[in-house]
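I have placed the structure first, in the form of structure tokens, so that the comments after it can refer back to it.
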Amino acid sequence: MIEKQIIFVPEAAKYAWDNIEVSPIWDDGNGVAKVCERGEESYWSVYLHQFEGGVRCIADLPTEILAYQFAHLLKNAVISHTQLLIRIN
């Protein structure tokens, strides 16, 4: 379970991608995590759709709002060609 923590994997963004997806994730606490229905989630994941097919998880966030805000931030940074710098204290 992700509690007040953002896990960001910037290496995942270096591959060519064409879309962003946000999904609720259920985690049993023993290493098993899977996409679930809204309301059953332990946290939310942000995925990048790869041009070659498939998706890559780029971030896990504690709430749906934060996940969508992060996805929006990433999309706008790419569109405006700005560098995305995230600092977590």
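- A pairwise comparison of heavy atoms in Leu61 and Ala67 identifies CD1-CA, 3.8 Å as the closest pair.
- Between Leu74 and Ile20 the shortest side-chain heavy-atom distance falls below 4.5 Å.
- Ile65 forms part of no hydrophobic cluster, judged by ILVMFWY side-chain heavy-atom separations under 4.5 Å.
- Considering CD of Glu41 and CD of Glu64, their distance stands at 7.0 Å, rounded to 0.5 Å.
- Remark: Cys57 SG to Tyr47 OH distance equals 5.0 Å, nearest 0.5 Å.
- Looking at Pro24 and Trp44, their side chains come closer than 4.5 Å, going by heavy atoms from C-beta outward.
- Separation of atoms CZ (Phe70) and OG1 (Thr63) is listed at 13.0 Å; rounding is to 0.5 Å.
- Atom OG in Ser42 sits 11.0 Å away from atom NZ in Lys34 (nearest 0.5 Å).
- Arg56 CZ to Gln50 CD: the interatomic distance, rounded to the nearest 0.5 Å, is 5.0 Å.
- Residues Val35 and Ile25 are in side-chain contact: their nearest non-hydrogen atoms beyond the backbone lie under 4.5 Å apart.
- Applying the side-chain contact (heavy atoms from CB on, under 4.5 Å) test between Val46 and each of Asp60, Ile58, Val55, Leu66 identifies Ile58 as the sole match.
- Evaluation of the side chain to side chain contact (heavy atoms under 4.5 Å, CB included) rule for Glu40 yields Cys36, Glu37 as partners, not counting sequence neighbours.
- For Asn30, the side chain to side chain contact (heavy atoms under 4.5 Å, CB included) test picks out Asp28, with sequence neighbours left out.
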